[in-house]
Amino acid sequence: MTTRKEYIQEQRLAKLDRIRSRKVDPYPSRYQRTHQISEAIALFEQQEKAGIAEAPPVTVAGRIIASRDMGKASFMDIRDGSGKIQLFFSKDKLGEEYQFLADLDLGDFIGVTGKLWRTRTKEITVQASGWVLLSKSLLPLPDKWHGLTDVEKRYRQRYLDLLTSEEVRNIFRTRSRAISSLRRFLDGRGFLEVETPVLQAVAAGAMAKPFVTHHEALDRDLYLRIALELYLKRLIIGGMDKVYEIGRVFRNEGISTKHNPEFTMLETYEAYADYNAVMKMVEEMVSTVAQDVLGAMKAGFAGTTIDLTPPWPRMTLREATLKYSGIDFEEHPEATDLRQQMLAHGMAGVDEKMSWGRLLDQVVSTFVEPKLIQPTFLMDYPVEMSPLAKRKPDNPKLVERFELFVGGIEMANSFTELNDPMEQRQRFLQQEKERAAYGDEETDRLDNDFLLAMEHGMPPTGGLGVGVDRLVMLLTDQQSIREVILFPQLRTV
RNA sequence: GGGCCGUUAGCUCAGUGGUAGAGCACCUGACUUUUAAUCAGGGUGUCGUGGGUUCGACCCCCACACGGCUCACCA
């Protein structure tokens, strides 16, 4: 039985045989090009501007993405990483070599030498004086006009998606530029970029369920990090006053348009700063990145325009929940009481087995977060929700913490870091108690080694975590995190 | 995990309880300035998988797989 795909492949294999029978290597080891395609085009435009009639020959290489055969002359479009250019082949110029073009297919890579000129339709074109096959493709590319629309295929075979979609290529170009811009911003402020362990004995520093793995030689379980936090704080303790890390963290949780099991986090820690200073820095950082990447402080997102010009409004969590849900959490300090309020305000699916902090988190995500479209800082969270943050001096029930919301999505989380080792131990123990009481695997974990570090003395510090993927979603107007991650997690088939 | 929707040619998509369709791609031929080239001809399919109903299933039913959206979960 011959499937259509096999039929196409047989034809390509036959071409491969013909090519080899001419003693041509279809996969040569090297090829010397003189210009990237965009460079060749720039060169020609420059010379044209200067009035130089005859452009020097160039040698370019790329993948054939279109072919228009005219009999004794033909056109092809090739693309490399920098752009695309048209090629012109004619029989009177190439002689016998011309007929071998018949063994080329869309998808093959070729190298071409020739001089540049404009066709009568004004397109800059390489007039081939010689060409060489650089790599033969054996499978057809997706439809040149429609590209790939099957989302599953787009993610599983991202290379095809990238090949056929300029938009997708641009998303990942923007992602790269945004990350460079983040680094530039922080480097410029004297932050030191560091790398900390991915494999950890205790996965602490956030409320999330970790992935477990096993180290054979040590014969012990290790966890993939769920946050960068506790190791970066160890560095603050070690006297690195300003540090940051951009790295992958892993959370063994559900997949959604806003969650991928592995995602990229930026965390910064600055000694002698507090959350107010960090807030200011975040505004500047995000608006600077937007300016760098978009050339503007405004971003179109989900059909609205988001204005990132600082300063951004600040609201306490209490104000926000009162305003958007009508619930004043300070009046309901017990879990049963708060749960009742939530039910009274029409919330469904309020789990019996949730702690007060988790319940309040529900209120915030249901009523408050969706309303925070323009960039907004929510400040001053209850201590129950924030085991690593320092209490407010004037209200010990609250901590100096903020979260940044843009487009209804949480982008960043920050606090004035708790640096009292005795209290930190108590907070960890409280978390452990809650885990026991509620059986919640996401409750933060006690990290003795981290406490040991803190007991040696930790300066007052402002810390920050930014969801880089989500920031890229904002900058590229994408509603799904999978669109900004090259290879998002999918079930293996 | 629940609900809804989807899965047909390499790609994009139509389709009917009774022989499986189009465009692009591909193959053959024509063509020396094309731009989704054009013109003439060609058809290369496990209709997601497995059951069931039926004289007959791509279509109807059930289960499963994968994906999307959504709720739950999750900062």
Side-chain angles (χ1 to χ4, degrees), chain A residues 1-12 14-15 65-77 84 86-94 98 102 105-107 117-123 125 127 137-157 160-161 163-164 206-209 226-227 249 251-261 263 265 348-351 354 357-358 360-362 364-366 368-369 378 381 385-386 401 403-405 409-413 440-442 465-467 470 479-482 488 490-493:
Chain A
M1 177 203 340
T2 311
T3 66
R4 188 184 279 217
K5 189 173 159 184
E6 285 163 350
Y7 174 82
I8 291 170
Q9 206 166 7
E10 273 169 23
Q11 287 162 345
R12 295 210 173 187
K15 288 175 182 172
I65 54 168
S67 169
R68 294 174 291 279
D69 177 13
M70 230 67 52
K72 295 188 181 63
S74 53
F75 293 88
M76 288 185 194
D77 297 334
K84 73 168 194 179
Q86 178 169 263
L87 312 175
F88 178 72
F89 301 88
S90 66
K91 191 165 186 179
D92 55 16
K93 184 109 186 166
L94 291 168
Y98 184 82
D105 286 296
L106 296 189
W117 103 111
R118 276 188 198 273
T119 62
R120 68 182 181 200
T121 55
K122 302 294 177 224
E123 179 152 355
T125 300
Q127 186 166 12
S137 79
L138 300 180
L139 287 171
L141 297 180
D143 188 293
K144 64 184 167 189
W145 195 242
H146 302 98
L148 273 186
T149 62
D150 179 330
V151 180
E152 182 176 359
K153 187 150 269 187
R154 287 186 45 232
Y155 296 155
R156 288 193 198 276
Q157 293 182 276
L160 296 177
D161 193 27
L163 276 173
T164 49
M207 296 200 208
K209 185 175 167 187
I226 57 172
V249 299
R251 297 186 180 181
N252 203 342
E253 290 159 359
I255 296 173
S256 78
T257 49
K258 295 185 184 64
H259 300 86
N260 196 60
F263 62 100
M265 182 98 106
V350 182
D351 197 329
M354 276 188 197
R358 302 280 286 173
L360 180 57
D361 195 32
Q362 287 288 298
V364 175
S365 35
T366 308
V368 182
E369 292 179 11
L378 284 190
Y381 284 64
M385 302 168 76
S386 320
R401 171 182 180 188
E403 291 190 316
L404 167 64
F405 289 88
I409 300 174
E410 184 203 335
M411 289 280 162
N413 181 20
D440 185 349
E441 288 182 89
E442 286 137 19
V466 177
R470 291 174 176 182
Q479 311 322 262
S480 169
I481 200 167
R482 289 177 214 116
L490 297 179
R491 210 177 286 261
T492 41
V493 186

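Chain identifiers are assigned alphabetically (A, B, ...) following the order of the sequence lines, protein sequences preceding nucleic acid strands; residue numbering begins at 1 within each chain.
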Nucleotide B:G68, atom C1' - distance to CZ of A:Arg482 in whole Å:
8 Å
Taking the C1' atom in each of B:A25 and B:G10, what is the distance between them to the nearest angstrom?
7 Å
With heavy atoms under 4.0 Å as the rule, sort A:Asp150 into base, sugar-phosphate or nothing.
sugar-phosphate
Using a cut-off of 4.0 Å on non-hydrogen atoms, how would the nucleic acid contact of A:Ile409 be classed: base, sugar-phosphate, or nothing?
nothing
A:Arg470 and A:Phe263: side chain to side chain contact (heavy atoms under 4.5 Å, CB included), yes or no, with the steps?
CA-CA 9 Å; A:Arg470 291 174 176 182; A:Phe263 62 100; over 6 Å; no
In whole Å, measure the gap between the C1' atoms of B:A9 and B:G42 for me.
15 Å
Return the value, rounded to whole Å, for the distance between atom CD of A:Glu123 and atom P of B:U33.
16 Å
In whole Å, measure the gap between the C1' atoms of B:U33 and B:C11 for me.
29 Å
Round to a whole Å and report the spacing from CD of A:Gln362 to P of B:A72.
8 Å
Checking all strands, does A:Thr257 fall into the base, sugar-phosphate, or nothing category for heavy-atom contacts under 4.0 angstrom?
sugar-phosphate
Just verifying a value: how many Å separate A:Ile255 CD1 and A:Leu490 CG, rounded to the nearest 0.5 Å?
7.5 Å
note: A:Arg154, atom CZ; B:U12, atom P; distance rounded to Å ~ 11 Å
Taking OP1 and OP2 of B:C11, is either one under 4.0 Å from a side-chain nitrogen or oxygen of A:Lys153?
yes
Specify whether A:Phe75 and A:Phe88 have parallel, tilted or perpendicular ring planes, treating 30° as the upper limit for parallel and 60° as the lower limit for perpendicular.
tilted
Look at all strands and tell whether A:Gly147 reaches a base, only sugar-phosphate, or nothing, counting heavy atoms closer than 4.0 Å.
sugar-phosphate
Using a cut-off of strictly less than 4.0 Å, decide whether A:Lys72 has a side-chain nitrogen or oxygen near OP1 or OP2 of B:U34.
no
For atom CD of A:Glu10 and atom C1' of B:G10, their distance in whole Å
14 Å
Classify A:Leu141 by what it touches in the nucleic acid, base, sugar-phosphate, or nothing, heavy-atom distance under 4.0 Å.
nothing
Evaluate A:Arg68 against A:Asp77 for side chain to side chain contact (heavy atoms under 4.5 Å, CB included), listing each step before the verdict.
CA-CA 9 Å; A:Arg68 294 174 291 279; A:Asp77 297 334; 3.2 Å; yes
Looking only at atom P, what distance separates B:U7 and B:U49, rounded to whole Å?
13 Å
Residue met sooner reading RNA chain B from 5', once A:Asp69 and A:Thr366 are mapped to nucleotides:
A:Asp69
Would you tell me if any nitrogen or oxygen in the side chain of A:Arg68 comes within less than 4.0 Å of OP1 or OP2 on B:U34?
no
Separation between the C1' atoms of B:U28 and B:C66, rounded to whole Å
39 Å
Start with the C-alpha gap between A:Lys258 and A:Ile481, add the side-chain angles, then the distance that decides, and say whether side chain to side chain contact (heavy atoms under 4.5 Å, CB included) holds.
CA-CA 5 Å; A:Lys258 295 185 184 64; A:Ile481 200 167; 5.6 Å; no
Roughly how many Å apart are B:U44 and B:U8, using the C1' atom of each and rounding to a whole number?
15 Å
Nearest-nucleotide wise, let me know which of A:Glu152 and A:Ser90 is further upstream toward the 5' end of RNA chain B.
A:Ser90
Which whole number of Å gives the distance between the P atom of B:C27 and that of B:C13?
24 Å
Within this structure, what is the OH-to-C1' distance between A:Tyr155 and B:C66, rounded to whole angstrom?
14 Å
May I ask you to say what A:Arg470 touches in the nucleic acid, namely base, sugar-phosphate or nothing, with a heavy-atom cut-off under 4.0 Å?
sugar-phosphate
For the pair made of CZ in A:Arg156 and P in B:A65, what is the distance, rounded to whole Å?
14 Å
Report yes if a side-chain nitrogen or oxygen of A:Lys144 is closer than 4.0 Å to either non-bridging phosphate oxygen (OP1 or OP2) of B:A25; otherwise report no.
yes
Is the shortest side-chain N/O distance from A:Arg491 to OP1 or OP2 of B:G67 below 4.0 Å?
yes
A:Gln86 has an atom CD; how far is it from atom P of B:U33, in whole Å?
12 Å
Could one point to a donor on the side chain of A:Thr125 or the base of B:U33 with an acceptor on the other under 3.5 Å away?
no
Between A:Met385 and A:Asp361, does a side chain to side chain contact (heavy atoms under 4.5 Å, CB included) hold up when you go through it step by step?
CA-CA 8 Å; A:Met385 302 168 76; A:Asp361 195 32; 3.9 Å; yes
For A:Tyr155 versus A:Ser480, what's the shortest heavy-atom pair and its separation?
OH-OG, 4.3 Å
Kindly indicate whether the side chain of A:Asp143 and the base of B:G23 share any N or O donor-acceptor pair separated by less than 3.5 Å?
yes
Counting any heavy atom closer than 4.0 Å, what does A:Glu403 reach on the DNA or RNA strands: base, sugar-phosphate only, or nothing?
base
I want to check one thing: is the phosphate of B:U12, taken as OP1 and OP2, less than 4.0 Å away from some side-chain N or O of A:Thr149?
yes
Between CZ on residue A:Arg156 and CG on residue A:Asp161, distance to nearest 0.5 Å:
14.0 Å
Please measure how far the C1' atom in B:C59 lies from the corresponding atom in B:G6, and state the result in whole Å.
16 Å
CZ (A:Arg154) and OG1 (A:Thr149) are apart, to the nearest 0.5 Å, by 9.0 Å
Using a cut-off of 4.0 Å on non-hydrogen atoms, how would the nucleic acid contact of A:Lys93 be classed: base, sugar-phosphate, or nothing?
nothing
Distance from A:Arg491 atom CZ to A:Glu152 atom CD, nearest 0.5 Å?
11.0 Å
What dot-bracket string describes RNA chain B from 5' to 3', counting Watson-Crick and G-U wobble pairs whose defining distances are under 3.5 Å, with [ ] for crossing pairs and | for pairs to another strand?
(((((((..((((....[..)))).(((((.......))))).....(((((..]....))))))))))))....
